Amino acid sequence: MSNQSYSLRTENLSIGYGTKVICNNIEMTLPKGELCAVIGVNGIGKSTLIRTLGKLQPSLGGEAFINGHKIAELKPHGLAKTISLVLTEQPASKNLRVSELIALGRQPYTNWIGKLTDEDKRHIQQNLDAFHLEELAMRKCHELSDGQLQRVLIARAAAQDTPIILLDEPTTHLDLYNKVQILKMLRQLAHKKGKTIVFSTHEIDLAIQLCDKILILNGTKNPFGSPQELIAQKQFDNLFPENLLEFDERTGGFKVKK
Ligand SMILES: Nc1ncnc2c1ncn2[C@@H]1O[C@H](COP(=O)(O)OP(=O)(O)OP(=O)(O)O)[C@@H](O)[C@H]1O
C-alpha cells in the first residue's frame with residue numbers, strides 16, 4: 001500500500017543523537033483513528049522516537065510520513081496543524097488557568113493578535129467537557145493533581161485538532177485508576193474522533209488491553225503489530241531478562257518469577 005493510504009508511516013527510520021544511532025529499522029504503519037503504544041526498556045529510545053516524529057529532532061535515516069507527506073518537509077505552520085505534542089516536561093505556563101492552557105491549543109488557528117473566534121471557543125468548551133474539566137476551568141494549572149494536569153494537556157492537544165497526537169509517557173506518576181482513565185480517553189479520541197495517536201509508555205499490560213497497535217523498541221529489530229499478533233509471535237517473551245519476569249500469554253501480562 002502507498003504512504004498516502006496511511007495516516008502515519010515510517011520506513012526504515014533511524015533515531016538518535018548526532019551521529020549515534022540508538023534504534024534503526026523502525027517500521028510502523030498506522031491508519032487514521034488508531035491508538036499505538038511505543039514500549040521498551042528504560043533508555044531504549046521511546047522519548048527519542050516521539051520527539052523525532054514530532055520533528056523536535058531530526059531522524060538519522062529513513063523517512064516518516066503523515067498522509068503521504070514527509071514529516072521532515074513540513075513547515076512550522078503546517079506542522080502545528082498536523083501534529084500536537086504532549087511531552088513529559090511540566091508546562092512552563094503553570095501559572096495559566098486551565099481554560100487558558102487549553103486555549104493555547106488554538107494558537108495555530110488564531111490571527112496575529114491571538115483573538116479567539118467563536119470556532120476556537122467552541123473547541124475549548126467541547127474539550128473542557130470531553131475531559132471532565134468544567135469545574136476546574138478557572139483553576140491555575142499549578143493547583144492541579146498530576147492526573148488532572150495530564151487531562152488538561154491532552155485537552156489542549158485535542159483543542160489543537162490535529163490528525164496526529166504524540167504523547168511522551170502520559171501516564172507517569174498516575175495511580176492505576178488515572179492511568180486507565182487517561183488511556184481510555186486517548187482510545188476514545190482515536191476511535192470516535194479519528195485521531196491517530198502514538199504514545200510512549202511502560203504500561204505494557206494496559207497497552208495490550210487498550211491499544212490497536214504496539215511498537216516494541218528493541219534497537220535493531222522493532223516488532224510492530226496488534227497486541228494479539230505480537231503475543232502470537234511471542235514478542236513480549238524476551239522484552240526483559242528472564243530471571244525476574246515472565247510473560248503470561250493467557251492473561252496478556254507479566255508475572256514475577258518467585
Ligand atoms: N539529548 C541527548 N543527547 C544524547 N543522548 C541522549 C539525549 N537524550 C537521551 N539520550 C540517550 O538516548 C537514549 C534513549 O533515551 P530516551 O529518553 O529516548 O529513552 P526512553 O526509552 O524514553 O527511556 P525511559 O524509559 O527511561 O524514559 C538513552 O541512552 C539516553 O541516554
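Atoms considered below: every heavy atom in the structure, side chains included; atoms not considered: hydrogens, waters and symmetry mates. All residue numbers refer to positions in the sequence shown, counting from 1. First listed ligand is number 1; within each ligand, the first listed atom is number 1. This structure is a prediction, so every number in the text was calculated from the model and none was measured.
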* Asked: Would you call Lys20 a ligand 1 contact, heavy-atom distance under 4.0 Å?
  -> no
* To do: Please report the shortest heavy-atom distance between Asn222 and Cys23, naming the atom on each side.
  => OD1-SG, 4.4 Å
* Asked: Is the closest basic N to carboxylate O distance between Asp161 and Lys81 below 4.0 Å?
  -> no
* Among Gly43, Gly18, Ser200, Gly16, which one has a heavy atom closest to atom 23 (O) of ligand 1? -> Gly43
* Asked: For atom 24 (P) of ligand 1, which candidate among Thr172, Asn42, Val38 holds the nearest heavy atom?
  -> Asn42
* To do: Check the surroundings of atom NZ in Lys221: do more than 12 heavy atoms from other residues, nucleotides or ligands lie under 6.0 Å from it?
  => no
* Per-atom contacts of ligand 1 with Ile22, taking only distances under 4.0 Å to non-hydrogen atoms -> 12 (O), 13 (C), 14 (C)
* Asked: Around atom NZ of Lys257, are there more than 12 heavy atoms of other residues, nucleotides or ligands at under 6.0 Å?
  -> yes
* Would you verify that at least one protein heavy atom lies under 4.0 Å from atom 31 (O) of ligand 1, or report that none does? => no
* Asked: Would you call Arg51 a ligand 1 contact, heavy-atom distance under 4.0 Å?
  -> no
* Considering only heavy atoms from C-beta outward, does the side chain of Gln148 approach that of Glu143 to under 4.5 Å? -> no
* **Heavy-atom side-chain proximity of Ile204 to Leu239 below 4.5 angstrom** => yes
* **Under 3.5 Å: N/O of Gly45 near N/O of ligand 1** => yes
* To do: Measure the distance from atom 4 (C) of ligand 1 to every protein heavy atom, then report the residue, atom name and distance (to 0.1 Å) of the closest one.
  => Tyr17 CG, 3.4 Å
* Does an N or O from Gly40, backbone or side chain, lie closer than 3.5 Å to an N or O of ligand 1? -> no
* To do: Give a yes or no on whether Asp118 atom CG has more than 12 heavy-atom contacts from other residues, nucleotides or ligands under 6.0 Å away.
  => no
* To do: Pull out every atom of ligand 1 sitting under 4.0 Å from any heavy atom of Lys46, numbered as shown with elements.
  => 18 (O), 19 (O), 20 (P), 21 (O), 22 (O), 23 (O), 24 (P), 25 (O)
* Asked: Where is the nearest protein heavy atom to atom 27 (O) of ligand 1: which residue, which atom, and how far?
  -> Glu169 OE2, 3.1 Å
* What protein heavy atom is closest to atom 16 (P) of ligand 1, reported as residue, atom name and distance in Å? -> Thr48 OG1, 3.6 Å
* To do: Kindly determine whether Arg9 and Glu63 satisfy salt bridge (charged side-chain N to carboxylate O under 4.0 Å, His left out), including the steps that lead there.
  => CA-CA 8 Å; Arg9 176 172 169 81; Glu63 290 291 353; over 6 Å; no
